[in-house]
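A quick note: this is a predicted structure, and the numbers were derived from the prediction, not measured.
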Amino acid sequence: MLDDPKTFDAQLKNRSVLVYEPHRDDEDSSSGHRLRTSSGITATVIGQGDPVVAVLEKSKDNVFQRRVTMGRTTNNDIVLDDASVSRFHGWLQQDDGSGKWTLTDAGSKNGTWVQGSKLNAKKPVILENAARVRVGNLELTYYSAAGFRAVIAKRANGSP
């Protein structure tokens with residue numbers, strides 16, 4: 001699948017992803033980590049210790065039609081299981097014109113950062129490929145479908 005970018009992108013349906021990879025000081029970084037994936041069938045839980053890939057897509061039961069919500073409670077599309085994350089922390093939304101994804105902080109207590117800059121509440125910020133995102137104390141990375149394919153291909157070839 002990695003040899004054919006079109007097939008890989010079709011599998012992702014050109015959707016972007018958020019990746020959580022916990023810091024593992026006790027493991028050899030060259031050993032690599034398997035990334036667990038989850039879709040909107042059940043809420044993606046991030047913060048439990050294992051690497052997680054969350055495809056940015058709506059779950060059927062979420063009331064916000066165009067927004068991919070994230071927060072600590074299970075009624076969010078992406079569940080961030082950490083006490084530093086608000087129950088409804090923020091949302092991601094794809095811009096109809098450009099197709100780019102934006103991230104908006106919902107007025108959370110502990111804040112949201114993109115590339116080290118704190119977001120203002122309810123002011124969307126465009127996400128670029130490989131952007132470092134911090135939600136409360138959780139560190140995530142945003143990837144476009146093509147950017148994620150490149151990361152996976154590098155890891156398959158033994159590069160970090």
How many angstroms lie between CZ in Arg134 and NZ in Lys118, if you round to the nearest 0.5 Å? 9.0 Å

Any idea which heavy atoms bring Gly136 and Trp113 closest together, and the distance? O-CZ3, 4.1 Å

At what distance, to the nearest 0.5 angstrom, does CG of Leu103 lie from CE of Met70? 4.5 Å

Rounded distance (nearest 0.5 Å) linking atom CG of Leu119 with atom OG1 of Thr104: 7.5 Å

Taking side chain as C-beta onward, heavy atoms only, is Val19 less than 4.5 Å from Val151? no

Closest approach of Val85 to Val135 (non-hydrogen atoms, all atoms of both residues): CG2-O, 3.7 Å

The reported gap from CG in Leu127 to CD in Gln94 (rounded to nearest 0.5 angstrom) is 11.0 Å

Give me the atom names and distance for the closest heavy-atom approach of Phe148 to Asn129. N-OD1, 4.5 Å

For His89, which of Asn110, Thr112, Asn76 qualifies under side chain to side chain donor-acceptor pair (under 3.5 Å)? Thr112

Which heavy-atom pair separates Ile126 from Lys100 by the least distance, and what is that distance? CG2-CD, 3.7 Å

CG on Asp105 to CH2 on Trp91, rounded to 0.5 Å: 8.5 Å

Whether Asp95 side chain and Ser98 backbone form a donor-acceptor pair below 3.5 Å: yes

Heavy-atom closest pair, residues Ser16 and Trp101: OG-CD1, 3.3 Å

Tyr142 versus Leu56: any side-chain heavy-atom pair under 4.5 Å? yes

CZ (Arg87) and OG1 (Thr73) are apart, to the nearest 0.5 Å, by 7.5 Å

